[in-house]
Asks: 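Dropping a structure here in structure tokens format, bear with me for questions.
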Amino acid sequence: MTGVSAIVITLNEENNIGACLDSLSFAEEIVVVDSGSTDRTEEICRKDSRVRWFSEEWKGYGKQKNSALDKAKGPWIFSIDADERVTKDLAEEISGIDLNRSPCAGYRVPRRSFFGDTWVRYGGWYPDSTVRLWKKEAGRFEERSVHEAVRVSGPVGTLSGDLLHYTYRDTSDFIERMNRYSSLGAQELLRLGKRVTVFDLVLRPPYTFFKMFVLKRGFLDGWLGFRLAVLYSMYTFVKYAKAIER
């Protein structure tokens, strides 16, 4: 028994959620907080006897995940998104940890992210380690509009097994979602009181490209690395442009 509760937030994830839940072999319960799915997400989730299903209005990424965290019964939490999968190696690694005696309050997990069917190895995409497993009493999500992260009080270890992340289907999918994420990013800049000027529009996008393609060696991913550097520089421009407009 691992004593791990997995948490996931959903909205119309019928194409992802089944494989996500199936990969959580080590979880004793899975808390799903849904924000109004109209597809088969609920039906698929309820087929797994470990799932505890909750339907709530959308509160923002950080607050929604903290809501799921508060509902979990286990002493340890594993956070996963619907478009992610736990590899067999990572599942076995977590199952093999004696969490009752662990000196760590949390563990980082490396993410192997895909653009379409291609693993993106460079450009800052791998290992992209993030805290995903932690003692419930020791960690909580920052309540940010986007790019929420867990803050853990205590020592944090690093696991070796990968978490698979299926990010964007293609360029069109990236551009469609860029509008939403850039709006949230602009909102977060203003919430934090960041001063945004035209110099951010002039300097930040090319630096984003240079950092991803050159400093983070995105050029080693070839045409895909170039495309991603361009797309993320576009995202940066749009985010700061929206912040200035507001």
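Because the structure is a prediction, the values reported are computed rather than measured. All residue numbers refer to positions in the sequence shown, counting from 1.
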Asks: Does Trp76 have any ring-ring contact (aromatic ring centres under 6.0 Å, His included) partners at least two apart in sequence or in another chain, and if so, which?
Replies: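 Expected list: none.
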Asks: Which residues pass the side-chain contact (heavy atoms from CB on, under 4.5 Å) test with Ala229, not counting sequence neighbours?
Replies: Phe209, Met212, Phe213
Asks: Sequence neighbours left out, what pairs pass salt bridge (charged side-chain N to carboxylate O under 4.0 Å, His left out) with at least one residue falling in residues 86-97?
Replies: none
Asks: Can you tell me which residue pairs pass the salt bridge (charged side-chain N to carboxylate O under 4.0 Å, His left out) test with a partner in residues 186-196, sequence neighbours excluded?
Replies: Arg144-Glu188, Glu188-Arg191
Asks: By side-chain contact (heavy atoms from CB on, under 4.5 Å), which residues pair with Ser182, not counting sequence neighbours?
Replies: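 If we apply the side-chain contact (heavy atoms from CB on, under 4.5 Å) test to Ser182, skipping adjacent residues, the hits are Tyr235, Val238, Lys239, Lys242.
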Asks: Can you list every pair that meets salt bridge (charged side-chain N to carboxylate O under 4.0 Å, His left out) and has a residue in residues 197-220, with sequence neighbours left out?
Replies: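 Every pair satisfying salt bridge (charged side-chain N to carboxylate O under 4.0 Å, His left out) with a residue in residues 197-220: Asp200-Arg204.
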Asks: Applying salt bridge (charged side-chain N to carboxylate O under 4.0 Å, His left out), can you list everything that pairs with Glu148, at least two apart in sequence or on another chain?
Replies: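 Result, salt bridge (charged side-chain N to carboxylate O under 4.0 Å, His left out) vs Glu148: Lys65.
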Asks: List the residues meeting ring-ring contact (aromatic ring centres under 6.0 Å, His included) with Phe78, not counting sequence neighbours, and say none if there are none.
Replies: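 ring-ring contact (aromatic ring centres under 6.0 Å, His included) list for Phe78, sorted by chain: Phe26.
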Asks: Between Asp34, Asp81, Asn16, which is the residue that forms a side chain to side chain donor-acceptor pair (under 3.5 Å) with Thr10?
Replies: Asp34
Asks: State which residues pass side-chain contact (heavy atoms from CB on, under 4.5 Å) with Ser153; sequence neighbours excluded, sorted by chain then number.
Replies: none
Asks: Checking Pro127 now: which residues fulfil side-chain contact (heavy atoms from CB on, under 4.5 Å) with it, not counting sequence neighbours?
Replies: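 Expected list: Pro110, Ser129.
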Asks: Using the ring-ring contact (aromatic ring centres under 6.0 Å, His included) criterion, which residues pair with Trp58? Sequence neighbours excluded.
Replies: Tyr61
Asks: Can you list everything that forms a salt bridge (charged side-chain N to carboxylate O under 4.0 Å, His left out) with Arg246? Sequence neighbours excluded, please.
Replies: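 Result, salt bridge (charged side-chain N to carboxylate O under 4.0 Å, His left out) vs Arg246: none returned.
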